[in-house]
A.B. asks: 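Here's a structure for you.
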Amino acid sequence: MKYDQIQEAVKYIRTKTSYKPQYGIILGTGLGNLTDAIDVYDEIPYKDIPHFPVSTVQSHKGKLVFGAIAGKPIVAMAGRFHYYEGYSMKQVTFPVRVLKFLGVQRLFISNAAGSTNPDFLPGDIVFVKDHINFQPENPLRGINDERLGPRFPDMLKTYDRTLIEQAKKIATEANIRFHEGVYFALQGPNLETPAEYNFIHRVGGDLVGMSTVPEVIVARHSGMTVFVASIVSNQCYPIESITETTIEEVIGVARVAEPKLRLIVKRLVMEVAV
Ligand code: HPA
């Protein structure tokens, strides 16, 4: 059934656009303006696509944007789905399956995240090199459909090293402050207690957030290469640095830092072959 649902969604999209994207981009909280980097050809609202969940979070737009960055064919998800909104992990990751069948081979994911590394400051860009998954309900749970990927996907090379190295080079040349870090995923929607931030820091998490990891798991299951860049929205370690965090602040910091990420993503798409 699930495979059929993916095909139905793809079939519908094919009636609306003949565009064949090879790169996919998922736009995170406050990062919707990344679409400014795209020469847009077609847009399809999520609500029109069979089996697509509909976005509920403020600051998310809810459409697929087809177009080109530096002449390369891309599709962007303007608006993503979070587990805390009430969707199942299968729903959260359904669009990633659809992107795969539209032809996407490289998936670029952005997000805004808290920092549990004292060197990572609000507004900094972090290239995610690994993750720790503390979210419930794995998106691959249940009978495995071999047409979508293997039963036990390996996670050793989850975050593509070539893309990270290229992104570091681009950031260095553009004088953009960056780090590499480990993303610790929780379900939210509440932010963490000081003791929880301390825990995340101690077990090796540099960033904490409520998204991304389900999409990464499904992208790797389906054989795409993955690149994740986070914008630090708030500092969560050490304890004295923690201030109360609101969604408005998270969005605000992400918006201000977004042009840096736009430059990096644009040049990455320009410079890497599929
Ligand atoms: N915790 C969890 N998710 C987040 C945070 C945070 O501090 N900041 C932005 N997303």
Side-chain angles (χ1 to χ4, degrees), residues 21 23-41 43 55 57-80 104 106-115 117 119-129 159-160 162-181 183 206-212 215 226-236 243 245-272:
Y23 301 78
I25 304 178
I26 300 179
L27 308 177
T29 305
L31 298 169
N33 290 341
L34 274 175
T35 50
D36 292 352
I38 305 170
D39 300 320
V40 178
Y41 294 169
E43 293 188 339
S55 183
V57 183
Q58 46 177 311
S59 85
H60 286 259
K61 285 174 185 160
K63 62 186 175 188
L64 287 183
V65 180
F66 293 82
I69 292 182
K72 304 258 184 93
I74 70 120
V75 57
M77 280 182 65
R80 66 136 61 93
V104 169
R106 293 188 183 275
L107 187 62
F108 297 74
I109 301 179
S110 61
N111 62 50
S115 146
N117 182 323
D119 295 334
F120 294 14
L121 306 177
D124 284 358
I125 307 276
V126 185
F127 305 127
V128 174
K129 63 175 177 184
Y159 298 89
D160 189 76
T162 310
L163 289 172
I164 293 175
E165 292 308 325
Q166 192 68 19
K168 283 162 66 177
K169 198 166 149 268
I170 293 166
T172 305
E173 282 169 14
N175 244 323
I176 293 169
R177 205 177 127 92
F178 69 90
H179 315 272
E180 272 185 63
Y183 183 94
D206 300 300
L207 298 167
V208 54
M210 307 171 192
S211 67
T212 301
E215 292 105 314
V226 168
F227 173 80
V228 177
S230 301
I231 287 177
V232 174
S233 58
N234 53 303
Q235 205 172 349
C236 314
T243 52
T245 303
T246 62
I247 180 72
E248 289 75 20
E249 277 168 23
V250 170
I251 293 170
V253 176
R255 286 241 161 91
V256 171
E258 183 270 334
K260 294 191 265 188
L261 197 53
R262 193 183 334 165
L263 182 148
I264 293 166
V265 169
K266 203 169 170 174
R267 283 202 43 200
L268 253 189
V269 171
M270 205 184 298
E271 291 171 15
V272 297

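All values derive from a computational prediction rather than experimental measurement. Basis for what follows: all heavy atoms, side chains included, without hydrogens, waters or symmetry-related copies.
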A.B. asks: Are any side-chain N or O atoms of Lys260 and backbone N or O atoms of Ile231, one a donor and one an acceptor, separated by less than 3.5 Å?
C.D. replies: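 The answer is no, because no donor-acceptor pair under 3.5 Å joins these two groups.
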
A.B. asks: In Å, rounded to the nearest 0.5 Å, how long is the span from OG of Ser110 to CE of Met77?
C.D. replies: 10.5 Å

A.B. asks: Might you work through the side chain to side chain contact (heavy atoms under 4.5 Å, CB included) test for Cys236 and Phe120, ending with a clear yes or no?
C.D. replies: CA-CA 10 Å; Cys236 314; Phe120 294 14; over 6 Å; no

A.B. asks: Between the side chains of His179 and Asp124, is a donor N or O closer than 3.5 angstrom to an acceptor N or O?
C.D. replies: yes

A.B. asks: Using a 3.5 Å distance criterion without hydrogens, assess whether the side chain of Glu215 forms a donor-acceptor pair with backbone atoms of Thr212.
C.D. replies: yes

A.B. asks: Ignoring hydrogens, what is the shortest heavy-atom contact between Ser233 and Gly114? Give both atom names and the distance.
C.D. replies: OG-N, 4.2 Å

A.B. asks: Starting at CD of Glu258, measure out to CG of Asp36 and round the result to the nearest 0.5 Å.
C.D. replies: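 Between Glu258 CD and Asp36 CG, I get 6.5 Å after rounding to 0.5 Å.
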
A.B. asks: Start with the C-alpha gap between Asn111 and Tyr183, add the side-chain angles, then the distance that decides, and say whether side chain to side chain contact (heavy atoms under 4.5 Å, CB included) holds.
C.D. replies: CA-CA 10 Å; Asn111 62 50; Tyr183 183 94; 3.5 Å; yes

A.B. asks: Which distance, rounded to the nearest 0.5 Å, do you find between the CG of Leu107 and the CD1 of Ile26?
C.D. replies: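 So the gap between those two atoms works out to 4.5 Å.
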
A.B. asks: Just how far is it from atom CG of Leu34 to atom CG of Leu261, taken to the nearest 0.5 Å?
C.D. replies: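 Interatomic distance, Leu34 CG to Leu261 CG, rounded to 0.5 Å: 5.0 Å.
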
A.B. asks: Decide yes or no on side chain to side chain contact (heavy atoms under 4.5 Å, CB included) for Leu64 and Glu43, but give the supporting numbers first.
C.D. replies: CA-CA 6 Å; Leu64 287 183; Glu43 293 188 339; over 6 Å; no

A.B. asks: About how many Å separate CZ of Phe178 and CD1 of Ile170, when rounded to the nearest 0.5 Å?
C.D. replies: 11.0 Å

A.B. asks: For Ile264 versus Ala167, what's the shortest heavy-atom pair and its separation?
C.D. replies: CG2-CB, 4.2 Å

A.B. asks: For Ser230 and Val232, indicate whether the former's side chain and the latter's backbone hold a donor-acceptor pair under 3.5 Å.
C.D. replies: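 Not at all, since once roles are kept as given, no pair shorter than 3.5 Å links the two residues.
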
A.B. asks: Examine Tyr41 together with Phe66 and report whether their ring centres are nearer than 6.0 Å.
C.D. replies: no

A.B. asks: With rounding to the nearest 0.5 angstrom, report the NZ to CD distance, Lys168 to Glu165.
C.D. replies: 4.0 Å

A.B. asks: Of all heavy-atom pairs between Gly28 and Arg80, which one has the smallest distance, and what is that distance?
C.D. replies: CA-NH1, 3.6 Å

A.B. asks: Using modelled atom types and a 3.5 Å cut-off, is there a donor and acceptor pairing between side-chain atoms of Lys129 and backbone atoms of Glu180?
C.D. replies: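 Looks like no, no N/O pair under 3.5 Å.
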
A.B. asks: Please enumerate all residues that pass side-chain contact (heavy atoms from CB on, under 4.5 Å) together with Ala37, with sequence neighbours excluded.
C.D. replies: Ile69, Arg262, Lys266

A.B. asks: For a side chain to side chain contact (heavy atoms under 4.5 Å, CB included) check, start with the C-alpha distance between Thr35 and Val40, then their side-chain angles and the critical distance, and finish with the verdict.
C.D. replies: CA-CA 8 Å; Thr35 50; Val40 178; 5.7 Å; no

